[in-house]
Amino acid sequence: MKFRLLGPFQLLHEEKELTPTAPKVRCVLALLVLRHNRVVQSGQLIRELWGDRPPVSAQPTLQTYIYKIRKMLDESGQGPDVALLTRPYGYMLTSPPEDVDVYHFERLVDDGRSALSSDPVKAVELLTQALDLWRGPAFADVATGELLSAQLTQLEERRLGALELKIEAKLQMGDHDTCISELKDLTATHPLREGFYAKLMLALYRSGRRSEALETYQRLRRTIINELGLEPSKPLREMQQAILSADASLDMAPAHVEPVRQKAHLPATPAQLPPNIASLVGREDLLRSLETRVLADMESGGTAAITVITGMPGVGKSATALALAHAIEAHFPDGQFYAQLQNRDGSAVPPADILAEFLQALGIAQRDLPRGLEERGKVFRSWCAKRRVLVLLNDVVRTEQVPPLLPGARRCATIVTSTSGLGVLADALTVKLEPLELDPSVRVLETIAGRERVEEERGAAERIARRCCGIPLALRCAGGRLAELPGLPLDKFADQLANYGRLLEELGYSGLDIRQRFDLSYAQLRPEERSALRLLCMLPRREFGARQAAGLLCRDEGQAETILARLVQHHFLRVASVNGEVHYSFHDLHWIYARTRLDQEIAEGGWDLSFLPNAPSV
């Protein structure tokens, strides 16, 4: 029995096609095949077929589809390895993994990735075989619902990743001309995928077409700014600078030079925590409380301790989590794991990739890694089962990233940070960080700019602290600017921060940029939510209810509340209950961010801005 998902859905038995013709039966079978050897709940199948409004007859109709599939499999005369089993609350299609073309694709890609560093010719051969398995878009003739659409997106991402690897191997072989033609088509088809642009720039540069390489960067930059309001990522900016300066690192290595291989000397125990910061001003009491709670949960004999730290960008989530991890690491002698779950562009890192890094830290070679997320998770949890392990997951984007990475054992602990807010994690302690009060804000400036200097101009230092609105990242940026300019009076610097139009620009220093953090959260909003954020700063009062927002946004109150809830989830708005009524409000820096976004949009259209309310007094 052969199941083909990478293109039009096909079910073959001894080269005879058995693919169901009924669209919904084909949809059910496709989902069962994609999750072969795992239970698919009946509710998931019903939602896939009929969405949120299934008919009354959904359950018996689904059972009819299952009967047709089971009958077809029985009549085909396949061996006992393929069967459709009924399980509590769902169904499971059992099948050897090698019967599904997705398995062969992923194995070839993994082998190609492994060969890339030592044998690019072999890597091209393996990756070409992997990509040749694609006969068109996955599930091309299946009406996909919510679940299959998500799986389709993942498969397409893996295909593009394999294509990038293949092009990387061809660049290592010096096949630049072929790559240029292919990459120009790919950048036109995928205008926001920076990996293709980076390889096109490199291929053009190595072909002596430096001006075209630089124009490629400018084209990408214009596209990203217009579509996302962001600058290209740091690696792309660094490549542009390298091309401008004709950096030798961009040249091909001589063909006779063998790549240097260094054996990784793995520590006996994984110790992946980044270095701790010098101090955590203003969070000392919270840190002691969290330390006591985590250790108490660990010793209670219940489930593994999970602590979620959330809050607006720049409020100090990562610093607090890291300080907590270092405070308790001695209680987890069997290992400390660390993972960054958000890419530089704001996208989510797949948990399977994180588990691969964890398992490699345990000494498992890449070629021996289990293939899928579930299998990798089992190996990781089995290793943790009788150990004391601490896991720190930083910048989680989506709730579903977390469960596969939990160690599970009751004497382990996990610390999670997230800006966007997470759904329900069983038995997790959730802590929302708020901005610092004035006194600890000034103390942050003292630790960076110097106590004597701050004490001499205490009033000006308080003005600066208020301009930073108690956000630790903004305070660190301001302190860094002052430390870099020891002759700059604090009073003058406070005046520079008074212009709200320049405030976010001024609060950027040596790679620390509060506006960039806001941009990442802004990029995760839907278009209607971004528009709402810009419009809401037009309201004359700092606090407002859903009714006022609905009137401004031209939505009914229910629709407005949905949008406001999303803005609260991403910490662009705060919510409170006043006399039984729900009120929303901006944090000052978020109001300024929204206002600058609005100013930019309206100014580009030549509109008069005089009717807008004044900036908040900070």
Side-chain angles (χ1 to χ4, degrees), residues 1-13 16-97 99-103 137-155 372-375 377-378 398-404 422-426 558 562 565:
M1 189 71 70
K2 301 298 179 185
F3 300 99
R4 294 181 177 177
L5 300 174
L6 304 179
F9 179 48
Q10 286 186 323
L11 171 58
L12 303 176
H13 182 246
K16 179 182 179 181
E17 182 158 330
L18 303 176
T19 312
T21 56
K24 288 193 180 329
V25 177
R26 194 161 61 241
C27 177
V28 170
L29 180 57
L31 188 54
L32 290 169
V33 171
L34 193 62
R35 295 190 173 182
H36 62 283
N37 301 324
R38 290 177 290 174
V39 175
V40 181
Q41 295 180 357
S42 300
Q44 293 177 316
L45 291 166
I46 290 173
R47 188 165 65 252
E48 185 70 12
L49 292 172
W50 292 286
D52 294 331
R53 295 184 177 180
V56 176
S57 60
Q59 186 64 41
T61 302
L62 173 61
Q63 292 172 348
T64 301
Y65 296 157
I66 294 295
Y67 168 79
K68 290 181 179 179
I69 295 172
R70 183 177 284 127
K71 181 180 180 182
M72 177 196 64
L73 293 175
D74 291 342
E75 292 177 351
S76 68
Q78 87 291 340
D81 289 337
V82 179
L84 180 53
L85 307 178
T86 300
R87 290 289 182 262
Y89 308 109
Y91 304 94
M92 179 172 66
L93 180 72
T94 62
S95 170
D99 284 358
V100 185
D101 58 358
V102 175
Y103 168 84
F139 318 127
D141 56 352
V142 177
T144 58
E146 180 181 341
L147 294 177
L148 279 178
S149 294
Q151 296 292 332
L152 174 60
T153 301
Q154 293 182 19
L155 284 172
L373 171 64
E374 185 173 346
E375 290 75 16
K378 288 178 181 178
R398 297 194 300 265
T399 306
E400 54 266 31
Q401 288 177 285
V402 177
L422 300 177
V424 176
L425 289 175
T562 299

Trace of the side-chain contact (heavy atoms from CB on, under 4.5 Å) decision for Tyr89 with Gln44 | CA-CA 10 Å; Tyr89 308 109; Gln44 293 177 316; over 6 Å; no
Should Leu155 and Phe139 be marked as a side-chain contact (heavy atoms from CB on, under 4.5 Å) after you check the CA-CA gap, both sets of side-chain angles, and the distance that decides it?
-> CA-CA 10 Å; Leu155 284 172; Phe139 318 127; 3.9 Å; yes
Decide yes or no on side-chain contact (heavy atoms from CB on, under 4.5 Å) for Arg70 and Thr86, but give the supporting numbers first.
-> CA-CA 10 Å; Arg70 183 177 284 127; Thr86 300; 2.9 Å; yes
Check the pair Gln154 / Gln151 against side-chain contact (heavy atoms from CB on, under 4.5 Å), numbers first and verdict last.
-> CA-CA 5 Å; Gln154 293 182 19; Gln151 296 292 332; 4.0 Å; yes
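In this structure a side-chain-to-backbone donor-acceptor pair under 3.5 Å is missing from Asp99 to Phe3. A donor-acceptor contact shorter than 3.5 Å is absent between the side chain of Arg38 and the backbone of Glu374. Proximity of a side-chain donor or acceptor of Asn37 to a complementary backbone N or O of Ser95 within less than 3.5 Å is detected. Side-chain atoms of Glu48 come within 3.5 Å of backbone N or O of Leu148 as a donor-acceptor pair.
The two residues Arg35 and Leu147 make their nearest non-hydrogen contact at NH2-CD2, 4.0 Å. Residue Ser149 comes nearest to Thr144 through the heavy atom pair OG-OG1, 3.2 Å, listed as atom of the first residue, atom of the second, then distance. When every heavy atom of Leu18 is checked against every heavy atom of His13, the shortest pair comes out as CD1-CB, 3.7 Å. Ala140 and Pro8 get closest at one heavy-atom pair: CB-N, 3.8 Å. When all heavy atoms of Leu93 and Val33 are compared, the closest pair comes out as CD2-CG2, 3.5 Å. Nearest heavy-atom pair, Ala30 versus Leu5, reported as atom, atom and distance to 0.1 Å: O-CD2, 4.4 Å.
Interatomic distance, Leu85 CG to Thr94 OG1, rounded to the nearest 0.5 Å: 5.0 Å. Going from atom CZ of Arg4 over to atom CD of Glu17 covers 9.0 Å, rounded to the nearest 0.5 Å. Separation of atoms CG (Leu62) and OG (Ser57) is listed at 11.0 Å; rounding is to 0.5 Å. One finds the CD atom of Gln10 at 8.0 Å from the CG atom of Asp141 (value rounded to the nearest 0.5 Å). To the nearest 0.5 Å, atoms OG1 (Thr64) and NZ (Lys24) are separated by 13.5 Å. To the nearest 0.5 Å, atom CG of residue Leu49 and atom OH of residue Tyr65 are 6.5 Å apart.
Ile66 is listed as a side-chain neighbour of Leu32, based on a closest heavy-atom distance under 4.5 Å. Looking at heavy atoms from C-beta onward, Met72 lies out of side-chain contact with Val25 at the 4.5 angstrom threshold. Counting heavy atoms from C-beta on, the side chains of Tyr91 and Ile69 never come closer than 4.5 Å. Between Val102 and Pro97, the closest side-chain pair of non-hydrogen atoms is not below 4.5 Å.
Within 6.0 Å of atom NZ in Lys2, more than 12 heavy atoms from other residues, nucleotides or ligands are found, so the atom counts as buried in its surroundings.
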